[in-house]
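Source: prediction; values computed, not measured. Every chain is numbered from 1, with letters handed out A, B, ... down the list of sequences.
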Number of protein chains: 2
Amino acid sequence: MDKPCDRVPLTLLLAYSHYIGKHNFYRKWMIQTMYSSEQEYLNNYSIHHYDIPLLSIDIAIFTLIEGKLHILLVERGDYPFKGVWALPGGFIDKQQDQDLHACALRKLTEKTGVTAPHLEQVETIGNQTRDPRGWSVTSLYMALIPYSPTSEFVEAVTDARWWPYEQALELDLAFDHHQLIETARARLKNKTAYTILPIHVLNTPFTLTQLQQTFEELLEKRIEKKSFRRRILSADLLEEVGQGLPEGGLGRIAALYQPNSNCDKHTFVWSLT
Amino acid sequence: MDKPCDRVPLTLLLAYSHYIGKHNFYRKWMIQTMYSSEQEYLNNYSIHHYDIPLLSIDIAIFTLIEGKLHILLVERGDYPFKGVWALPGGFIDKQQDQDLHACALRKLTEKTGVTAPHLEQVETIGNQTRDPRGWSVTSLYMALIPYSPTSEFVEAVTDARWWPYEQALELDLAFDHHQLIETARARLKNKTAYTILPIHVLNTPFTLTQLQQTFEELLEKRIEKKSFRRRILSADLLEEVGQGLPEGGLGRIAALYQPNSNCDKHTFVWSLT
DNA sequence: GGAATAGTGTCTATAAGACATTATACT
DNA sequence: AGTATAATGTCTTATAGACACTATTCC
């Protein structure tokens, strides 16, 4: 075996001590122990000595177009499942991506141009059968973005397309992506019942009626108007920013709202059953 | 390049078509396309051509010992962090493990002997700095099991030990496991507010007072007796199975309960704020 | 009877559901 | 005036919280 000290990359050591952070015990432990056999272990470590599964990321990106839930799918350009519709996603780039979340954000931005969406991890699925290449794991993310018909970023990405959610279910999708989009949809519906999540698929400002219709679309259920308004206003998550008609332009002028500063923190607010 | 048909393992093809399942479109697509270039791609595919991150599983196993929350930790026998306390876990065995959940269950059973616990995925964490070996991903699971002082399986596993949760926080743990146990603890607390999850750390049968004390321990908060009993009984998740004194043996005899058949399905019940 | 714990009765406070009513815009 | 939509008033219903009270056990 080689001598330890002259072979460990400095960057690795720095990264390591960065993680260790404030745990002083470990600083000491690292200095005392690492430069003996632990160090040696790391020098000789190679990931390719192990039989590890594939790891990828997939993102269910939702938006609202004309009041209807849509999901972004891409037509796969490579094997396996070349030419088949699938969730956007792919592999981690160890150089570019700081962490899993950053990886998901990078892939989302590549497809949509959106840089500050709502992005959360839904579930990580791994088994022998989901990928023809063998044991494979994917970390499923869900993103919510507002739809902008003017800056048509998505249309410029030739392989990407918005599908009405129900239509997407009818497609034959790559891998287990049919299952994945149902999982993400279930999470979306669930959290809509007790958070203000749906706000992220709307462009600001919006009227309370628009917001309610969005909730109803995502919940697949009517909500009583008075109850909805009582709840959302008493939660103190919105601020009024003038008055206006949305687009149809009929009837009384409505108050316009946008999320206020509490909105980021208080994602969790209430339960609508 | 080699000819495709004589090189693809039959098992792979079977696993693949099993996944495809009822999607007939894909059966056809597979037959038409796979035996040309897709097939060729898979023949030449090797995971070692790619620079992929490490993937592991860690499990936060909770139980209740004398009314107090405990967590199972193991002393690491190998590098890195040899001799340091850590969550039980490890790598996927592509041969043994059907899927991620089965992998977590296997590792849990190895340490505790418990075969039917409550087991759920909490979150998957991946970044450059959490493991000295480089970019690494772990899928964090949480398990709840009842404690049995009689069959001392855990004590027989020499590297494993139950720690009172608060004490575990004081330890210096391997990798980012301090963070992981806090994440799992937060999930446990959260779900205790609106599910009957705590039932899984109790031995059956139990009294309502015991159950309430368990909720209070996991929520870190007093609950009003009448409210608790009203809720839990009206949810119809328990069945009465006789009467008895728990252990202290003082005061009036209490009704004993165990989970009924609804209990599996209706994990989600109510919200205690 | 006294201590300890199990279990109930009941009033109050809060918030959701139902639904009617008023308000404001355009034609 | 007529229509369409926004916003509110208010009664009912459901449930949680507070807390006093009764019930049953052992000594």
Side-chain angles (χ1 to χ4, degrees), chain A residues 66-67 192-196 198 202 204-217 219-258 266 268-273, chain B residues 66-67 192-196 198 202 204-217 219-258 266 268-273:
Chain A
E66 292 173 9
T192 298
Y194 61 98
T195 73
I196 201 167
L202 279 184
T204 54
F206 46 80
T207 68
L208 286 187
T209 301
Q210 284 178 307
L211 189 58
Q212 178 176 344
Q213 284 166 351
T214 305
F215 270 78
E216 289 175 338
E217 166 73 8
L219 280 175
E220 298 178 288
K221 180 172 171 290
R222 300 291 94 186
I223 305 172
E224 209 288 317
K225 183 162 72 162
K226 190 63 197 286
S227 302
F228 181 78
R229 297 167 97 91
R230 247 190 321 226
R231 279 271 269 203
I232 207 123
L233 291 177
S234 67
D236 189 32
L237 297 171
L238 303 180
E239 60 179 313
E240 209 177 324
V241 287
Q243 308 228 313
L245 281 180
E247 70 271 16
L250 199 48
R252 173 172 166 180
I253 284 178
L256 297 175
Y257 293 90
Q258 67 185 21
H266 287 96
F268 304 85
V269 190
W270 81 74
S271 70
L272 280 173
T273 53
Chain B
E66 291 172 11
T192 297
Y194 62 94
T195 74
I196 201 167
L202 278 184
T204 53
F206 46 80
T207 66
L208 286 187
T209 303
Q210 284 177 308
L211 188 59
Q212 179 175 342
Q213 284 165 351
T214 305
F215 270 78
E216 290 175 336
E217 167 72 9
L219 279 176
E220 298 179 287
K221 183 172 168 291
R222 299 293 94 184
I223 305 172
E224 210 288 317
K225 183 164 72 164
K226 189 65 196 283
S227 302
F228 181 78
R229 296 168 96 93
R230 245 190 322 227
R231 279 273 267 203
I232 208 124
L233 291 176
S234 68
D236 189 31
L237 297 171
L238 302 181
E239 59 179 314
E240 208 177 323
V241 286
Q243 309 228 314
L245 280 180
E247 69 272 18
L250 196 50
R252 173 172 167 181
I253 286 179
L256 298 174
Y257 294 89
Q258 67 184 24
H266 289 97
F268 304 82
V269 190
W270 80 74
S271 69
L272 280 174
T273 54

- Task: Provide, to the nearest angstrom, the distance between the CZ atom belonging to B/F228 and the C1' atom belonging to C/dA6.
- Result: 14 Å
- Message: The criterion is side-chain contact (heavy atoms from CB on, under 4.5 Å); which residues satisfy it with A/R230, sequence neighbours excluded?
- Response: A/K226, A/S227
- Rounded to the nearest Å, what distance is computed from the CD1 atom of residue B/I223 to the P atom of nucleotide D/dT15? 18 Å
- Please report, rounded to the nearest Å, how far the P atom of C/dA16 is from the CG atom of A/L219. 14 Å
- Mind checking the CG-CD spacing from B/L219 to B/Q212? Nearest 0.5 Å is all I need. 10.5 Å
- Note on the structure: CZ (A/F228) and CG (A/L211) are apart, to the nearest 0.5 Å, by 4.0 Å
- Query: Once you round it to whole Å, what is the distance between P of D/dT25 and CG of B/L256?
  - Reply: 13 Å
- Task: Go through the structure and list residues passing side chain to side chain donor-acceptor pair (under 3.5 Å) with A/E220, not counting sequence neighbours.
- Result: A/K189
- Under the side-chain contact (heavy atoms from CB on, under 4.5 Å) test, which residues partner B/T204, sequence neighbours left out? B/F206, B/Q258, B/P259
- Task: Taking all heavy atoms of A/T192 and all of A/P198, pick out the closest pair and write down the distance.
- Result: CG2-CG, 3.4 Å
- Name the residue closer to the 5' end of DNA chain D, choosing between A/I253 and B/Q243 according to the nucleotide with the nearest heavy atom. A/I253
- Message: Nearest whole Å is fine: how far is D/dT24 P from B/L208 CG?
- Response: 17 Å
- Item | Approximate separation, where rounding is to 0.5 Å, of A/L233 CG and A/Y257 OH | 5.0 Å
- Message: So if I take the C1' atoms of five pairs at each end of the helix from C/dG1-D/dC27 to C/dT27-D/dA1 and get each local axis, what angle do the two axes make, rounded to 10 degrees?
- Response: 10°
Could you go through nucleotides 3-5 of chain C and list every protein N or O atom that sits under 3.5 Å from one of its N or O atoms, giving the distance for each pair?
unit_1 : atom_1 : unit_2 : atom_2 : d
C/dT5  : O2     : B/R252 : N      : 3.4

- Query: By side-chain contact (heavy atoms from CB on, under 4.5 Å), which residues pair with B/T209, not counting sequence neighbours?
  - Reply: B/T207, B/Q213, B/R229
- May I have the distance from B/K221 (atom NZ) to D/dG17 (atom P), rounded to whole angstrom? 6 Å
- Query: Within the distance-only criterion (no hydrogens, no angle test), does the side chain of B/E240 pair as donor or acceptor with the backbone N or O of B/A255 below 3.5 angstrom?
  - Reply: no
- Partners passing salt bridge (Lys or Arg N to Asp or Glu O under 4.0 Å) against A/E216 (at least two apart in sequence or in another chain): A/R222
- Between C/dG17 (C1') and A/Q212 (CD): distance, integer Å: 13 Å
- Message: Using every non-hydrogen atom in the two residues, find where B/V241 and B/P205 come nearest and quote the distance to one decimal.
- Response: CG2-CB, 3.7 Å
Heteroatom pairs (N/O) under 3.5 angstrom, protein to nucleotides 8-14 of chain D:
unit_1 : atom_1 : unit_2 : atom_2 : d
D/dG9  : N7     : A/K226 : NZ     : 2.6

